[in-house]
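Structure first, then comments.
Convention: sequence-line order gives letters A, B, ...; per-chain numbering from 1.
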Amino acid sequence: MGFLSKGSYAYGNRSYTDILALTGMSLGDNVFDTTYSYERIYDGDNWVHGNQRSFTTDGGLLDGAVMIASGSNDNRIDFHNGSADSEAIIGIVEDSVNGSVGDVVPLTYHGDVRKCLVTAGASPDDAATGDYVQISTSSNGYGDIGTLAPDIFGNYIDSAATATGERRIIFRHVERF
Amino acid sequence: MTYLAERFKYGRKTKAQIDSIPTSNLLVGDNVWNTDINKEEFWTGEVWVNDDCVVMINNEGASVGTGILMEVDNSSSTTYHTRRADRTNSQYYLGAVYRGGDDGDKIVIACKGLYPVYFRSTVTTTTRGNLCRHSSQPGEVIDEGSKTGGINIIGVIAESYGTMPGDRLVNVFIGSKDIY
Amino acid sequence: MPYISNGQGYTYGVKTLTEIDSITGMVAGETVFCSDNFRKHTYDGDLWMCSDYIKLTNQSGGSLARKDLVVIDTGTAASVTTTTTYGNDLVVGPVAFGGNDGDPVAVVTFGHADVESDSGTVLGSVFMSATTVKKSNPNSLPTSGSFAIAVEDIVSAGPCKSIVKPKIEFF
């Protein structure tokens with residue numbers, strides 16, 4: 001419960017883990033995520049921050065997956081399917097607690113991405129801080145190491161993967177001349 | 001449970017409803033939940049803006065409406081001046097109008113996220129998943145016809161139309177790659 | 001300390017960035033609406049943060065202040081440093097809220113922000129990293145590593161209003 005506490009967040013200040021465990025939320029409820037320094041608003045489906053929006057996925061759940069616009073349904077998203085999709089990347093699924101095709105998941109489409117699934121060559125640890133990110137051509141929905149080319153969508157800013165093969169990146173669209 | 005039944009001063013409204021709120025009642029920082037785009041919006045003192053958008057001044061010489069691509073007007077010396085985007089000036093490109101206005105008005109331009117974009121009158125269909133780009137008509141967009149980028153790409157089409165809507169607005173994931 | 005202002009729920013009401021700098025005694029979760037960039041800011045215990053910023057550690061060897069341009073530090077995870085490389089492709093953006101070496105800093109990755117231009121600037125110029133540390137250099141044509149576009153004319157070096165773009169440009 002939040003009673004007009006300092007800053008008037010409905011659920012006050014909570015860790016990211018605690019936020020995902022909350023129940024009984026209403027649309028518009030907000031909380032300050034102390035783990036990642038975001039305001040999160042409950043949009044009716046997910047706790048989203050300012051560079052996220054919820055979309056129905058046609059690709060099921062893969063938290064950290066690299067996504068494109070769905071080719072099957074309007075205004076939905078899907079996993080990328082390899083090199084043919086390399087230039088149409090729109091964001092990364094993050095913070096999803098759902099698991100099936102048709103679920104509504106948060107898509108991060110700019111800025112700090114805490115968990116991008118990557119293959120990064122032989123191992124997710126292969127990418128160094130500052131390396132460019134592109135899609136994996138061997139694993140749908142995954143990222144890899146890139147070079148300055150039309151299909152990169154950001155930079156790695158951590159130095160090694162988490163135990164689940166996730167890397168932190170800055171997601172930014174690029175223009176190549 | 002939360003005490004404040006409504007987190008947003010002006011509640012939850014569609015964009016049309018938000019734009020109908022009498023501005024004389026508004027204070028800088030007032031907020032509302034935009035149910036069309038599922039985002040919180042804030043009153044700047046002149047316009048409603050969200051985290052995907054920037055605020056500029058229309059210097060087109062005419063009104064600009066939703067979905068028109070805009071660029072920084074480098075022919076002007078007045079701060080924040082913007083005009084219809086010309087594909088030959090891609091370095092000045094900003095995004096698509098979300099809240100338009102008359103010449104001289106503050107307008108709101110979406111630079112990232114999912115927003116309606118204006119497709120040129122020559123476009124008869126769109127295909128979701130395809131890239132889209134500046135057309136030769138300033139401010140207007142065409143379907144690239146593929147997922148592979150070429151010159152002046154501005155985003156990824158999110159909706160397929162066999163017959164274009166009357167307002168010619170199609171949702172686009174703005175901010176995709178742009179290859180010169 | 002005000003709890004509610006104008007019925008809007010911001011702890012510190014509506015303020016410019018300079019006014020926000022003057023606020024003291026904040027605690028995590030307190031909020032303010034910034035009238036310079038039209039964003040709700042929340043104090044996270046270290047910095048004032050909003051959706052336009054990314055929080056990274058200053059590894060430049062010195063202090064960083066608002067408008068200083070920073071790039072990804074390839075030697076340290078989740079960190080930024082300064083550069084004297086013209087058009088550095090690893091540019092992140094200008095600092096919004098700075099700090100000393102080793103401290104967290106908030107860096108602008110999108111939206112309305114001032115940069116410190118190293119020369120007079122024409123509206124519409126694109127900025128990239130300059131050969132002078134922490135400064136941004138304006139160009140009339142897009143070049144590699146450009147990250148923002150000037151939205152005002154300035155006659156000589158100094159602060160310049162810009163839009164930090166969600167795109168980085170590469171050659």
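Minimum interatomic distance between B:Thr78 and C:Leu123 (heavy atoms only, all atoms of both residues): O-CD1, 3.0 Å. When all heavy atoms of B:Cys111 and C:Pro166 are compared, the pair lying nearest together is O-CG, 3.5 Å.
B:Tyr80 contributes atom OH, which lies 4.5 Å from atom NZ of C:Lys161 (distance to the nearest 0.5 angstrom). The CG atom of B:Asp51 sits 12.5 Å away from atom CZ of C:Phe38, with the distance rounded to the nearest 0.5 Å. For the atom pair CZ (C:Arg39) and OG1 (B:Thr44), the distance works out to 11.0 Å, reported to the nearest 0.5 Å. One finds the OG atom of C:Ser125 at 7.5 Å from the OH atom of B:Tyr92 (value rounded to the nearest 0.5 Å). We find the OH-CZ distance between C:Tyr10 and B:Phe42 to be 4.5 Å, quoted to the nearest 0.5 Å. To the nearest 0.5 Å, atom NZ of residue B:Lys112 and atom OG1 of residue C:Thr109 are 7.5 Å apart.
Residues B:Val72 and C:Ile163 are not in side-chain contact: their nearest non-hydrogen atoms beyond the backbone lie 4.5 Å or more apart. Counting heavy atoms from C-beta on, the side chains of C:Ile149 and B:Gln91 never come closer than 4.5 Å. Side-chain contact check for B:Val54 versus C:Phe110: some heavy-atom pair is nearer than 4.5 Å. The shortest side-chain heavy-atom distance between B:Asn74 and C:Val122 does not fall under the 4.5 Å cut-off.
Residue B:Lys106 qualifies as open at atom NZ: its count of foreign heavy atoms under 6.0 Å is 12 or below.
The choice from B:Cys53, B:Ser76, B:Ser75 that makes the most heavy-atom pairs within less than 4.5 Å of chain C is B:Cys53.
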